Each structure stands twice: as C-alpha cells, then as structure tokens.
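Encoded as structure tokens, the structure appears first; notes follow it.
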Amino acid sequence: MTEESVHTTNFIRNIIDNDLQNNKNNGKVATRFPPEPNGYLHIGHAKSICINFGLAKEYQGTCNLRFDDTNPAKEDIEYVESIQNDIKWLGFEWSNLHFASDYFDKLYDYAVQLVKSGKAYVDSLSADQIREYRGTLKEAGKNSPDRDRSIEENLDLFERMKNGEFDEGTYIVRAKIDMSSPNINMRDPAIYRIKKAHHHRTDYKWSIYPMYDYAHGVSDAIEGITHSICTLEFEDHRPLYYWFLEQLNITTPPQQIEFAKLKLDYTVMSKRTLLKLVQEKYVSGWDDPRMLTIAGLRRRGYTPESIRNLIEITGVSKSNGVVEFGQLEYCIREDLNKKVNRIMGILKPLKVVITNYPEGKTEEVDIDNNPEDETAGKRMLSFSKTIYIEQDDFTETPPKGYFRLAPGIEVRLKQAYYIKLENIIRDENGIIEELHCTYDPESKGGTADGRKIKGTIQWVSEQHAINAEVRLYSSLFSKSNPDAEENYQDALNPDSLIVLKDCKLEASMKNAEKGKGYQFIRNGYFCLDQDSSENNLVFNRTVTLKDSWAKEKSKSR
RNA sequence: UGGGGUGUUGCCAAGUGGUAAGGCAUCGGAUUCUGAUUCCGACAUGCGUAGGUUCAAUCCCUACCACCCCAGCCA
C-alpha cells in the first residue's frame, strides 16, 4: 500500500472525480502552483504544493510552476531560486516552468482588447481619490469622471503609459464593471498600474505591470489550467476571475476552487511576520531551525515525507481550523523511527567510574543500527572503566515508580553490563562530580541470570567519546496563537533555543553526514547542522522522543 | 438584511434522508536491553441553536447564533 493510496477523500477530489465522470476538460487535470517570488516558502505553501502537485500526480495530469511575478518592487531572483529548490526537495516536479512575466506581451494585448471593447478605461484619479470613489463595505461607490473617456483617448493614454511617458500614480487602467456592486472587487478594479522598477526577468522593458486579479486568471487560461486552486480569501475574487475570461471570450475557463490555509498553533505563517523575525534578528535567518519555512524545517531535520504526510492526514477543507503542533511532531517521529540509526549520545554528561573494572581495559559490544530495520546491520561500541551517562538518569532521591540509577537501584548499560551505585563523589561545594559504581562481569551484553532489570540507559566511554555541541529547540512562541497578540514579540518563547556545549557522543559520530537523521537513544532525533565543522560538531534536535515518564512526573507535581 | 464563507468529539477530518469513517491527542492494558517503538482496548444516544417537513434528519426547509474574509495603484 503506497503512501498516496491510503488517503481519505476531500471536496476537491470530489469535484475532480465528478468532472472526470462528465468528461469535463476531456478528462484532463491541469493544475499550477503560483507563488510570488517575494519570500521563502513555508509549511503553509507546502499544503498548496502538495494539493496541486499531488492532484496532478494522482490523476495523471500536469502541474506547472508559475511565478506570479507581476510586482517587481517586491520580488527577487533569490526567491525564485529558493522556491524551486524547496519544491524539488519536497519531492515534486513541475510539468512546465512559467513566469507570469513571460505573458506580459499577451496580457498587454488582451488589455488593449478590453479597452477597445469599452470594458476598460484609463483613469487619472489619484490613489486616494479612487479609494474615496470606491465607497465602503456598506455603501455603493460612484463612477470616476474618467469612466466615459473615449476609446480613442483610452487607447492613446494606455499606449503612452506603456511607453513610460507618465510618472507612477498619474494614470491607471481599470476594468469597467459596476461601482455599486456589493462585491468590492467588482467596483472597477485596477488592471494595470505604472511602475518604473527593475524586474528580475524583463529588466526595464516595461513601465506598466498587470495586477494580480487580471494576470492570474488570464495566465491560467493561457496555460490551459483546468482547476485553479487557491486559498479562501480569494473567494470574493472569483466573479472577477471569471469576468475577465468572459470578456476575452474564453469559453472553457479554468475552475477556481478555494481551500482553507494550513494553520498550526504556536506558530505564525504570515510572510510579513516571518520577514520581521529575520530582519529583527530574533532568528538567525530564513532557515533558522525554529522557522516553519521549508528551509528551516529541512535544517531542523524534518523530512519531505513527514511534511507531505502532515498535509495528507490533516486534510483539505473550507473550514478555518488550527492544527495542533503535536500533529507535525507525530509525523516526523513516525518517519524517522523507521528510517534512522540509533546512536549513543549523552547530552548532559555525568561521569561514572566502574571501580571493579580493570584499569586500561577496553572491550567491544555490538548494537543494532536500527531495530526497526533488519537490513540496517550492527556496529561495535567501545566500553571501558570510565563512562558518561545522562545526568537525568541518576537521582539520590528516587520518586515512586523510578527505575533509573539511584541508591539501591541497579540499571543496565545498554548492550553492556549491569551496574550499581557504590559511592557519590562530590566537590567541596557538595556538587556531584562523579559516581563510583561496580559492575556485574556476568552481565556482559546486558543479560545475566534471571534478574529483572527495569532500567536500561545509554552511555558512552570517556576515552572513546567525541565532543559535540547540541542545539535544543522548542517552539519559537509560547502563546498558542501568536497572531492574537498586539505585538508578536510578546508571544516569543525565550527558551526556544538552548545550546549544550559539552555533549558526548559515540566515536562513530565523527563521520555523521549532513542531511541524515540520527536517533540519540532515549533523547530524540538529531541531525548535523550546517554550522558544523571537523573541530566543532554541531547537531540540531529535530524532535524529542515521546516521554511518558516526563508526563507522569509533571502530573504528580 | 453590504457581500462572500464556515460551523461534526480536545485538535484535524469523512459522511449522508435510514440511524456518526479515519488520524492526532488522551486514558487503560500487553510486549520491550530505548519509561521509545509495536500491539490490544476505551473515547460523539451526538453532528452551532431553535423550530418545521418526514415512518426516519447531522444530511431537506425556516429562523437565529458564532467565527473567518473583503474597502492595495499587494498577491
């Protein structure tokens, strides 16, 4: 059973199934993903990507990548590159790569056609005046004095706008629809504005640029898109989308379908806020592992599969919901659990000397790379007299139900020996420096007579260990709905990044590979960070393991 | 009565005139050399509210309520 075949249905699939049954569009499905190259893609975009590319794949159709680059003031080549990179990383391929700017000539010709047929006019009202004339949500607008300008004059002015004869803001081309429409989008919306900016693809060729509402539908039609899928806020634009295509005599227009954006609690999704986080240095960049950008998630250690799965299991609908962050964590744990090797890693080391173990002796024990994957094989681990264990795996005062190392509680060192506490060594301030333990030589490999040892803990041999820096992340925000705060800074979690400098890892981790995940046994999933170097290994914690003991403890508190 | 949407369990989400899928979370229990994983079991007499139609309504009708979106020469 493949990942794709276990989905539940949703309203878009129902629409397509129905279209196919009626042989609409000759049984073709053609979608597109239309990002504006003005920022990095985030997990919300991933939903749109999965829907559009996913549907095309499911129905043996096509999905184009089309950059909606109609506003040169905001767009940049850096973003067109990162966007392509992220889509590929997510595991999708576009059928064709397009830019709305490739259609500028056609778009202009179509606009001339609208002017010629009296469906558009050149307005000399200022932006402020246009706003006044537009009316309000409850009151109708009124016609611009220029609404009845002659076609000849409109044509002449439009031409001269194109030729760069006028300053920005002096003229604008508007569709002639209905200033009293209850739908504000139909009150003579702008279709071309003067903008004398450098465009990343057309350079300075144009001094006018089409508006989204006009360019988008026409671009869809040019590409033969059958299902134009967008988010809910464009529902009000749908009549306008069809109006343009109708005026241009496009008889089989794409169908616009709107779905609810992905929202996750404890996060922000708006590009505006993400950009602020970057600019105001609350994060290290667009790819900070705490950012829910695709780049950030990738650096954090999330896999494409886990992100695709999140989108699949949370579904597609028209109701505005908020998905719990735990759902995302479930997806990444589920994926990494079956794919990733287990290694010994100690985050907060506590030195343990095994007093009855021979001085200078080293022996090898074997361990499964991944018990969930029989093909993953085994490897050897070095054991010796002095080891590190996790500080959290020892306590002098064990609470009820505790079965880690403590006075009177014997534990198993995973794959090695049973040990029990003999002595606690402290410094002059009474702080624990190290533990003296004894081991049972009969328990090599982790088994001996019939004794029931409940606790098994990870360890690493002092002389064989390597040092590493580990970055522990938690949610960037401490408020479940940061957008509800007046100021997003008020919702920031001061402990979203904790850096541990003296972590001890098993020796094999000096060969850790970037882009690969590891389970540090009992600690969570980690990956090598790009900041890592040979002399300073740096790991990111992708996600913790589920920890029912921690839950138990917090309950009793 | 400005227009457009949405309301199904803590969260996401199918469903449809015939008596509420699934996933996450949660809670039990089993297995376990990761208090992980895995496995079993529990988890909406109820589908925003109130009426109505019907043998039968979450699904149809009416009214109401709540929430989201829209007044960029942004997308």
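Quick caveat: nothing in here was measured; it's all calculated off a predicted structure. Below, read A as the first sequence line, B as the second, and so on, with proteins coming before strands; counting in each chain starts at 1.
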Rounded distance [0.5 Å steps], CZ in A:Arg333 versus CD in A:Gln519: 11.0 Å
Chi class for B:rG18: syn within 90° of 0, otherwise anti: anti
Considering all heavy atoms, the nearest A:Arg193-A:Pro210 contact: NH1-O, 2.7 Å
Close aromatic pair by centroid cut-off 6.0 Å: A:Tyr171 and A:Phe166: yes
Nucleotide B:rU34, atom P - distance to CH2 of A:Trp459 in whole Å: 15 Å
A:Trp206 and A:Tyr108 aromatic ring geometry - parallel, tilted or perpendicular at 30°/60° bounds: tilted
Parallel, tilted or perpendicular: rings of A:Trp286 and A:Tyr40 (30°, 60°): parallel
Length of the CD1-C1' vector between A:Ile83 and B:rA75, whole Å: 12 Å
Nucleotide-resolved protein contact map, nucleotides 37-43 of chain B, B/S/- at heavy-atom distance under 4.0 Å: B------
Shortest non-hydrogen contact from A:Val352 toward A:Cys437: CG1-SG, 3.8 Å
Any A:Arg134 side-chain N or O less than 4.0 Å from OP1/OP2 of B:rC73: yes
Atom-pair distance (CG on A:Asp188; P on B:rC73), nearest Å: 12 Å
RNA chain B: stems of at least 3 consecutive Watson-Crick or G-U pairs whose donor-acceptor distances fall under 3.5 Å: B:2-7 with B:65-70, B:10-12 with B:22-24, B:26-30 with B:38-42, B:48-52 with B:60-64
Integer-rounded Å distance: B:rU34 C1' and A:Phe403 CZ: 10 Å
Spacing between A:Lys263 atom NZ and B:rA13 atom C1', to the nearest angstrom: 16 Å
Parallel, tilted or perpendicular: rings of A:His237 and A:Tyr212 (30°, 60°): perpendicular
Contact pattern, 5' to 3', of nucleotides 3-12 of chain B - B, S or - by protein heavy atom under 4.0 Å: BSSSS--BSS
